[in-house]
Amino acid sequence: DAGVIQSPRHEVTEMGQEVTLRCKPISGHNSLFWYRQTMMRGLELLIYFNNNVPIDDSGMPEDRFSAKMPNASFSTLKIQPSEPRDSAVYFCASNTDYGQPQHFGDGTRLSIL
Amino acid sequence: AQRVTQPEKLLSVFKGAPVELKCNYSYSGSPELFWYVQYSRQRLQLLLRHISRESIKGFTADLNKGETSFHLKKPFAQEEDSAMYYCAFVSGGSNYKLTFGKGTLLTVNP
């Protein structure tokens with residue numbers, strides 16, 4: 001298995017632009033998680049899905065952030081409009097059942113100028 | 001509130017020295033505890049979990065319910081152990097949420 005696949009690996013864009021991050025979880029995993037990692041705040045859970053349904057989005061910072069999971073093999077995290085303070089590494093992770101370890105993707109390094 | 005505390009943001013040791021990365025959790029039930037490691041510019045990866053009671057890359061961690069701790073230990077640190085280490089737990093019930101500590105950056109000097 002190729003593991004969790006995220007794209008793009010790097011994104012540099014100007015503030016105000018829409019940013020879409022993509023994630024393909026490991027086949028057979030039914031939970032998917034989006035995290036944001038910064039030097040100041042560490043690793044923060046933004047949202048997680050179980051069986052394609054958003055379960056907890058309390059970590060989404062504001063309405064500019066939205067996430068979807070249209071099917072079991074694909075999820076997007078969208079920021080519109082983007083701001084410089086959104087610059088971070090965004091990780092996607094997936095796992096099977098409760099208590100099982102999460103498998104992380106390589107992350108998307110996002111820079112908003 | 002469910003919380004994981006890693007009191008040290010930075011930890012620096014010399015090669016061959018023992019290392020202990022501290023982790024305390026706040027949860028009244030029986031959590032599932034993990035240590036994740038992130039080497040420079042790489043993805044997070046699972047290092048070990050408490051229910052496995054195994055040693056990975058020379059690291060061990062014992063769950064101490066009395067002290068609500070899950071410290072990570074290695075008797076002789078190696079330079080390749082330099083990385084960011086995150087303690088995390090999953091709480092009981094149907095909640096799949098993994099709560100991470102803020103991480104400890106370990107530097108092993110030659």
Side-chain angles (χ1 to χ4, degrees), chain A residues 1-7 9-10 21 23-26 29-60 69 88-109 111, chain B residues 1-11 21 23 25 27 29-54 56 59 61 63 70 83-106:
Chain A
D1 197 316
V4 176
I5 300 173
Q6 290 186 247
S7 64
R9 290 293 305 275
H10 304 274
L21 311 181
C23 175
K24 182 182 188 309
I26 291 173
H29 284 191
N30 58 5
S31 292
L32 182 142
F33 307 80
W34 282 102
Y35 292 90
R36 179 172 66 178
Q37 183 183 44
T38 61
M39 289 291 290
M40 292 295 295
R41 302 170 71 94
L43 202 60
E44 302 173 280
L45 177 66
L46 300 178
I47 185 171
Y48 79 94
F49 296 84
N50 182 243
N51 293 324
N52 311 339
V53 176
I55 303 299
D56 183 351
D57 65 354
S58 59
M60 296 286 262
M69 192 164 186
V89 180
Y90 291 81
F91 286 101
C92 177
S94 69
N95 70 357
T96 52
D97 298 320
Y98 159 75
Q100 293 302 310
Q102 293 181 14
H103 296 260
F104 283 77
D106 287 327
T108 295
R109 188 172 295 274
S111 297
Chain B
Q2 300 167 7
R3 190 171 59 246
V4 177
T5 304
Q6 294 181 249
E8 303 139 328
K9 294 187 77 171
L10 302 170
L11 183 62
L21 291 90
C23 171
Y25 65 91
Y27 179 65
S30 296
E32 295 280 341
L33 283 149
F34 306 85
W35 276 99
Y36 280 82
V37 60
Q38 185 180 26
Y39 300 102
S40 179
R41 294 185 174 271
Q42 293 186 26
R43 65 177 67 184
L44 271 84
Q45 52 189 286
L46 178 69
L47 181 61
L48 53 81
R49 53 190 306 194
H50 89 272
I51 62 171
S52 299
R53 301 186 66 81
E54 57 191 346
I56 305 293
F59 285 96
L63 176 61
F70 189 55
M84 193 73 168
Y85 291 81
Y86 291 94
C87 182
F89 82 98
V90 172
S91 57
S94 60
N95 190 338
Y96 291 71
K97 188 173 179 177
L98 191 66
T99 301
F100 281 90
K102 293 203 179 297
T104 297
L105 179 62
L106 173 66

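Since this is a predicted model, take the numbers as computed values, not measurements. Numbers restart at 1 for each chain; the letters A, B, ... are given by sequence-line order, proteins then strands.
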Using non-hydrogen atoms only, which part of Thr38(A) is less than 4.5 Å away from chain B: side chain, backbone, both, or neither?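 Neither part.
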Which residue in the set Tyr85(B), Tyr36(B), Phe70(B) passes ring pair (Phe, Tyr, Trp, His ring centres under 6.0 Å) when paired with Phe59(B)?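 Going through Tyr85(B), Tyr36(B), Phe70(B) one by one, the ring pair (Phe, Tyr, Trp, His ring centres under 6.0 Å) with Phe59(B) is satisfied by Tyr85(B) alone.
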Please determine, among Gly105(A), Ala93(A), Gly107(A), the option with the most heavy-atom pairs under 4.5 Å with chain B.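 Answer, by heavy-atom pair count under 4.5 Å with chain B: Gly105(A).
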Between Leu43(A), Val89(A), Leu45(A), Ile55(A), which shows the greatest number of heavy-atom pairs under 4.5 Å with chain B?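 Most heavy-atom pairs within the cutoff with chain B belong to Leu43(A).
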Name the region of Leu46(B), side chain, backbone, both or neither, that has any atom closer than 4.5 Å to a heavy atom of chain A.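 For Leu46(B), the side chain is the part near chain A, not the backbone.
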Considering only heavy atoms, which portion of Gln38(B) lies under 4.5 Å from any heavy atom of chain A: side chain, backbone, both, or neither?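 Only the side chain of Gln38(B) comes within 4.5 Å of chain A.
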Check whether any side-chain heavy atom of Phe34(B) lies under 4.5 Å from a side-chain heavy atom of Val90(B), and answer yes or no.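 In short, these two side chains touch, coming nearer than 4.5 Å.
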Has Glu32(B) got a side-chain atom pairing as donor or acceptor with Arg49(B)'s backbone, closer than 3.5 angstrom?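 No: the side chain of Glu32(B) does not pair with the backbone of Arg49(B).
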Applying the side-chain contact (heavy atoms from CB on, under 4.5 Å) test to Met69(A), which of Trp34(A), Tyr48(A), Phe49(A) qualifies?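 Passing option: Phe49(A).
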Verify whether one side chain among Tyr86(B) and Gln37(A) offers a donor that lies under 3.5 Å from an acceptor in the other.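 Yes, a side-chain donor-acceptor pair sits under 3.5 Å.
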